[in-house]
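Right, one structure below, let's go through it.
A, B, ... follow the sequence lines: proteins, then strands. Residue 1 opens every chain. Worth saying up front: this structure is predicted, and the values here are computed from it rather than measured.
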Number of protein chains: 2
Amino acid sequence: MPRRATIIEVAREAGASKTSVSRYFAGERDKLSPALCKRIAAAALRLDYRPNQMARGLKAGRSRLIGMLVADIRNPFSVAVMHGVERACREQGLALLVCNTDNDPELERTHLALMSSYQVEGLVINASGSPDAELQALTGQGLPLVLLDRELSAVQADLVGLDNTRALDLALDHLAEQGYAELLYLSEPPERASPRRERLAHFQAGLATRRLSGEAYTMSGSDKELQRAIKAFLTRSGLERSGNTPRALLCANGAVTLAATRALQRLGVRLGETGLMGIDELDWCALIAPGITTLAQPTEAIGRQAVASLLANSVSQTAVEPRQHRFEPRLIARGSTRLTG
Amino acid sequence: MPRRATIIEVAREAGASKTSVSRYFAGERDKLSPALCKRIAAAALRLDYRPNQMARGLKAGRSRLIGMLVADIRNPFSVAVMHGVERACREQGLALLVCNTDNDPELERTHLALMSSYQVEGLVINASGSPDAELQALTGQGLPLVLLDRELSAVQADLVGLDNTRALDLALDHLAEQGYAELLYLSEPPERASPRRERLAHFQAGLATRRLSGEAYTMSGSDKELQRAIKAFLTRSGLERSGNTPRALLCANGAVTLAATRALQRLGVRLGETGLMGIDELDWCALIAPGITTLAQPTEAIGRQAVASLLANSVSQTAVEPRQHRFEPRLIARGSTRLTG
DNA sequence: TTGTACGCGTTATCAT
DNA sequence: ATGATAACGCGTACAA
């Protein structure tokens, strides 16, 4: 079983020294005689040599490795952001170590330790729980860190994510314009995830100025219960005006949109007549007749910014004030928020 | 900027030698006196020490790193399999280096080189192109390799994926049972991806015994063209019998199902009356009224088997005959293959 | 321009 | 039971 070739073997094969070979692969070929360059190139090719990143990293103290902690890898939004992160890493010659935590705080800690042991040079965190202590320890060691989407109060780090204020302004404006007057905001439990809290808060704050009435429902995970809640919202008599005022559902993210759509179908509700709008664009939103209105996040840009922030923080060793990078969502209006007249 | 603590610092802090600390973390605590154990544990905790995997890997020649090459990270099927791979790795104490190639053969080569340079101990490959030469070189170096879903003729390695014969038997049986007589098989270009070829071949082979008539259409990427093709299929006069025989579409994978659904909606076709069935279960398939019938792949199991194969091949150094692990799909029957009336 | 020698953090070998 | 030392593959002063 032939092992990988080492730099020494290449040197021998090329009739040169380690140093020259090392220089050759470090991109300092201009400091080598053309003849030597050729010999090294030939030898490396013959032996299929590739510098050992482990040894390289050990020596240089840098692994060229970026770690990404994802709360739920099966969430299309996370994957889309990851795609952006990956592209940005590639452009920087960095490799990406991805860890999925399935929303398990325990796993989160384990994976954090794992990535740290691989000497990652930066960490992109989409945390489910709050491994504050662990993260603080890592930042304390000077490890650049970027929070994705979800904020962690105790951790001093850049945050990149959606402009939730803008998102809810956009959503409420759109729903109001379309003539919906009573809203039900659907969300997963907002306790631990900051975007959920922010969105909920801005939902409630934005109602009054638009003369909307609204309330919020927190999903427990049971489809049936959600269905009941929606039904109650839709069937009770109007609040503000007499008669039936147009009503709409606003979903805090893609997972909620999915659940809500399922529930509405079971209830036999006609979309549009009852409004439906969601944050996060998914590839099936256009397919549910007459199309579900969404706010699309610029996932690619978010991912790229995460890496950019990481890099910025790793050059300036001085602890800079954490920055926030908030991205604007894009409204994709479809039939589910068009009152059939 | 405080660096990571090293084994030497822990040794000093604990008043012990490097060797003992190393033993402690290598799990050989039974060979140490309880007192020393305690001192080391305390020191390590105080310094937040974690063994440097880079150095470990350099010394031991093993990185505890598995590489996974994914053709399209935004494909939910790939992500689901990756989830399985990740879980299996975790159970083995392995870390997973994920590389997405966006179906770009060039990137594929780059990423292969990258992972190789990180001394990955195994490679799970879901190739878009055919980097045969590169892969052969890697296997030649004794690197365990598993092909996921897509076969590569020139590479001698285990393959794990769907039992495509069984899948098409299941699909054709179901469609025939439901009363559809003329089928249109929709696929992406089958040239380079082996599952596409296999499925297409088994589709055509399975028609006769079930007295079905069928033809295949290869998507070019243009939605309009697909729509035209479907329309032509649906509107032309019956082939086998006079009058209108029930017709159905069979989609080779999730991406095709998405495109086909879009096209059918544009055409204003009623699902069920015109059959629709797809390979790959997606979370929106239940939502498109009256539900899209699918064949679900056991993605988690596939991912786990990939890692299992890798491990098996890495213990038995002798080049074993490549094995194939074919998994059965599960039929999820919904309204899209129920003839109304 | 090219080569020598040392050290990165760890583990394995050999001694004590 | 514990410790000293060499090596893993590489980069880099420094010397030539």
Counting distance only, does the side-chain N/O of B:Arg64 pair as donor-acceptor with the main-chain N or O of B:Ala95 below 3.5 Å? no
So which of residues 23-41 of chain A are in contact with DNA chain C, with a heavy-atom cut-off of under 4.0 Å? A:Arg23, A:Lys31, A:Leu32, A:Ser33, A:Leu36
Side chains of A:Asp102 and B:His83: do they bring a donor and an acceptor to under 3.5 Å? yes
List, with names and distances, any nitrogen or oxygen atoms from the protein found under 3.5 Å away from nitrogen or oxygen atoms belonging to nucleotides 4-8 of chain C.
residue: C:dT4; atom: O4; partner: A:Thr19; partner atom: OG1; Å: 2.7
residue: C:dG7; atom: N2; partner: A:Lys59; partner atom: NZ; Å: 3.2
residue: C:dG7; atom: N3; partner: A:Lys59; partner atom: NZ; Å: 3.4

Looking at B:Leu123, B:Asn126, B:Leu148, which one forms a side chain to side chain contact (heavy atoms under 4.5 Å, CB included) with B:Met68? B:Leu148
Student check: side-chain heavy atoms of B:Leu145 and B:Ile125 closer than 4.5 Å: yes
Counting only N and O atoms by type, is there a donor-acceptor contact under 3.5 Å from the side chain of B:Arg50 to the main-chain atoms of A:Ser117? no
So the contacted stretch of DNA chain D, first to last nucleotide with an atom under 4.0 Å from a non-hydrogen atom of chain A, runs from D:dG9 to D:dC14
Nearest heavy atoms of A:Ser314 and A:Pro144, plus distance in Å: CB-CG, 3.5 Å
Return the set of residues passing side chain to side chain donor-acceptor pair (under 3.5 Å) with A:Gln297 (not counting sequence neighbours), or none when no residue passes. A:Asp280
Determine whether a donor-acceptor pair (N or O, by modelled atom type, separation under 3.5 Å) exists between the side chain of B:Thr299 and the backbone of B:Val81. no
Proximity to DNA chain D (any heavy atom under 4.0 Å), residues of residues 42-51 of chain A only: A:Tyr49, A:Pro51
Side chains of A:Ser116 and B:Arg4: donor-acceptor distance under 3.5 Å anywhere? yes
Can you measure A:Arg12 atom CZ to C:dG3 atom P for me and round it to whole angstrom units? 14 Å
Do B:Ser78 side-chain atoms and B:Arg74 backbone N/O form a donor-acceptor pair below 3.5 Å? no
Kindly say whether A:Gln119 contributes a backbone atom to a donor-acceptor pair with the side chain of B:Gln53 at under 3.5 angstrom? no
N or O in side chain of B:Ser22 less than 4.0 angstrom from C:dT11 OP1/OP2: yes
Can you pull the salt bridge (charged side-chain N to carboxylate O under 4.0 Å, His left out) pairs that have at least one residue in residues 30-39 of chain A, sequence neighbours excluded? none
Using a distance-only test with no angle check, is there a side-chain donor-acceptor pair under 3.5 angstrom linking B:Gln136 and B:Gln156? no
